[in-house]
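Below is one structure, written out as structure tokens, with a few remarks after it.
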Number of protein chains: 2
Amino acid sequence: MTGSAREPRRPLTRRRVLEVAVDLADRKGLEALSMRKLGEALEVEAMSLYGHVANKDDLLDGMIDAVFTEIDLPSADDGWRAAMRQRALSVRAVLRRHRWAIGLMESRTYPGPATLAHHDAVIGALRAGGFSVPQTAHAFSVLDSYIYGFALQEKGLPFQTADEAAEVAQAMFAQIPVDRYPHFVELATQHALQPGYDYGEEFEFGLDLILDGLERLHRP
Amino acid sequence: MTGSAREPRRPLTRRRVLEVAVDLADRKGLEALSMRKLGEALEVEAMSLYGHVANKDDLLDGMIDAVFTEIDLPSADDGWRAAMRQRALSVRAVLRRHRWAIGLMESRTYPGPATLAHHDAVIGALRAGGFSVPQTAHAFSVLDSYIYGFALQEKGLPFQTADEAAEVAQAMFAQIPVDRYPHFVELATQHALQPGYDYGEEFEFGLDLILDGLERLHRP
DNA sequence: AGGCTCACCCTTACGCCGTAAGTCTCATGG
DNA sequence: CCATGAGACTTACGGCGTAAGGGTGAGCCT
């Protein structure tokens, strides 16, 4: 009964556990990621996972660091501005692929190696671009706040496509006293709900506004 | 045994449930807020709460809206820039009081009345300041992304005071290969860990940078 | 006064969760 | 050939959100 011709079952490793966990979160959402479900996905009992992660928090920390691995490291070769722009777009692309990640960064506080390497490369590109240490701190703070904040906003939207947006808006307008929020309604109907509008495109506007500001700070 | 001279026990209302829930989350953290614990704090069984909130998600939605109630609504009387600056500071102050809230905005998608009123006032102040509808959308997006992103960053810090920061830094440097992250270490030791440094002060730098950018967009 | 209704609150129970503690299995090396 | 040890499995505990149903007392109608 035991040693029959089962498929040999690849051995569990921390790496494989993290990979499957990320995939599961991508497909089913973070709230569907329990130790038992993850075990099931790996064809293993939940408790076996504890040989490779200390506990669920450790699992989540590992997942975040795995996500950071996917972000392109900025290089200062084409100047700080190009480097910052490219890495901002890369962060955003990655956070779009892994929508659950932004919600986790809130609570996971101790950075893993990929996270540290990322931060180091960003700071390095700014320093190489001629930013002083305090200026670098400023720049790093605005940029990261903006990038993560935008991802947070985008995640909060109850829709992804324009069609969904229209549906949701209709449902909302049906429920709320429309004339109490005239400006909100104006913005929604005259702009956000127009065909072709995509909130995602706001990202680059804000990004360039901030980069312009940093440019002025840097070379006034 | 039943009808003895108990203190009369104020009746449960949705309002009171939300108040106590917010207070509990403030004091013990969001993960300590369960229906049972909340019931205990209200001297009531958990199931009794369901007369006043539909389920836990509804409770969380209500808590978020309660938080928005505390934010000062911007008025356009002193110009859009002053209005945006003051409301940004107010949002930040409120999110500092209720650190759990920022982590919730990620997933709560349907805005309550206070949230809508807030958004409406912000949009109204920008429109009154002369921003076109698309410009208003841009401005709203950058500002909110930045404000919430900054709060997220701040929440992610594993320390609050400078002393704690030094402790945490020491613990971290002891664990990681310091020479692999030279720029990160430089920024930390030469700047962030200096006495008197407070990450919170970075907020206004970024805020003013963005407001400057919006001013240029608006009156080029 | 007696009985009805209805609003609240309570009790019980179910299936899920993270994980502590202990057990089984089997490839390996002496 | 057996001892060892790693790695997976089993069992169990307390806590979670909440479905279903039971009590109880205030207010109203006859």
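Here the structure is a predicted model, which is why all the values come from computation and not from measurement. So that the names make sense, note that chain A is the first sequence line, chain B the second, and so on, each numbered from 1.
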Under 4.0 Å, heavy atoms only, any strand: does B:Ser48 hit a base, just the sugar-phosphate, or nothing?
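Counting heavy atoms under 4.0 Å across all strands, the contact made by B:Ser48 includes a base.
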Rounded interatomic separation in angstrom, taking [atom1] from [X] and [atom2] from [N]:
X: A:Met35; N: D:dC16; atom1: CE; atom2: P; result: 19 Å
X: A:Leu42; N: D:dG7; atom1: CG; atom2: P; result: 15 Å
X: B:Glu40; N: C:dC10; atom1: CD; atom2: P; result: 13 Å
X: A:Leu12; N: D:dA6; atom1: CG; atom2: P; result: 16 Å
X: A:Glu45; N: C:dG22; atom1: CD; atom2: C1'; result: 15 Å
X: A:Tyr50; N: D:dC9; atom1: OH; atom2: C1'; result: 15 Å
X: B:Leu49; N: D:dA19; atom1: CG; atom2: P; result: 14 Å
X: A:Lys56; N: C:dC17; atom1: NZ; atom2: P; result: 8 Å

Has A:Ser34 got a side-chain N or O lying under 4.0 Å from the OP1 or OP2 atom of C:dC17?
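For A:Ser34, the contact criterion (side-chain N or O under 4.0 Å from OP1 or OP2 of C:dC17) is met.
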Residue-phosphate contact under 4.0 Å: B:Lys37 side-chain N/O, D:dC16 OP1/OP2:
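For B:Lys37, the contact criterion (side-chain N or O under 4.0 Å from OP1 or OP2 of D:dC16) is met.
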B:Met84 and B:Val122, any side-chain heavy atoms less than 4.5 Å apart: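 When only atoms from C-beta onward are counted, B:Met84 and B:Val122 do touch, with a gap below 4.5 Å.
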Among D:dA8, D:dT18, D:dT10, find the nucleotide with the atom closest to the side chain of A:Val44.
->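 Within the option list, the nearest is D:dA8.
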* What's the closest nucleotide to the B:Met47 side chain, out of C:dT19, C:dT11, D:dC9? ->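 Within the option list, the nearest is C:dT11.
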Quiz item: Taking for each residue the nucleotide of DNA chain C with the nearest heavy atom, is it A:Ala46 or B:His52 whose nucleotide lies nearer the 5' end?
Solution: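 Going by which nucleotide is closer to the 5' end, it is B:His52.
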Legend entry - No-H, no-angle donor-acceptor pair, B:Arg36 side chain to D:dG17 base, under 3.5 Å: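 Indeed there is one.
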When you measure from the side chain of B:Ser90 to the backbone of B:Asp72, do you find a donor-acceptor pair of N or O atoms at a distance under 3.5 Å?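 The answer is yes, because a donor-acceptor pair under 3.5 Å joins these two groups.
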| Pair B:Phe140 + B:His119: ring centers closer than 6.0 Å |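 Yes, they do, as the ring centres are separated by less than 6.0 Å.
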Under 6.0 Å between ring centres, would you say that holds for B:Tyr148 and A:Tyr148?
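Distance test on ring centres: not under 6.0 Å, no.
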Self-check item: Over-ring placement of B:Arg92 relative to B:Phe150, 6.0 Å and 45° cut-offs
Solution: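 Negative - B:Arg92 is either too far from the ring of B:Phe150 or too far off its axis.
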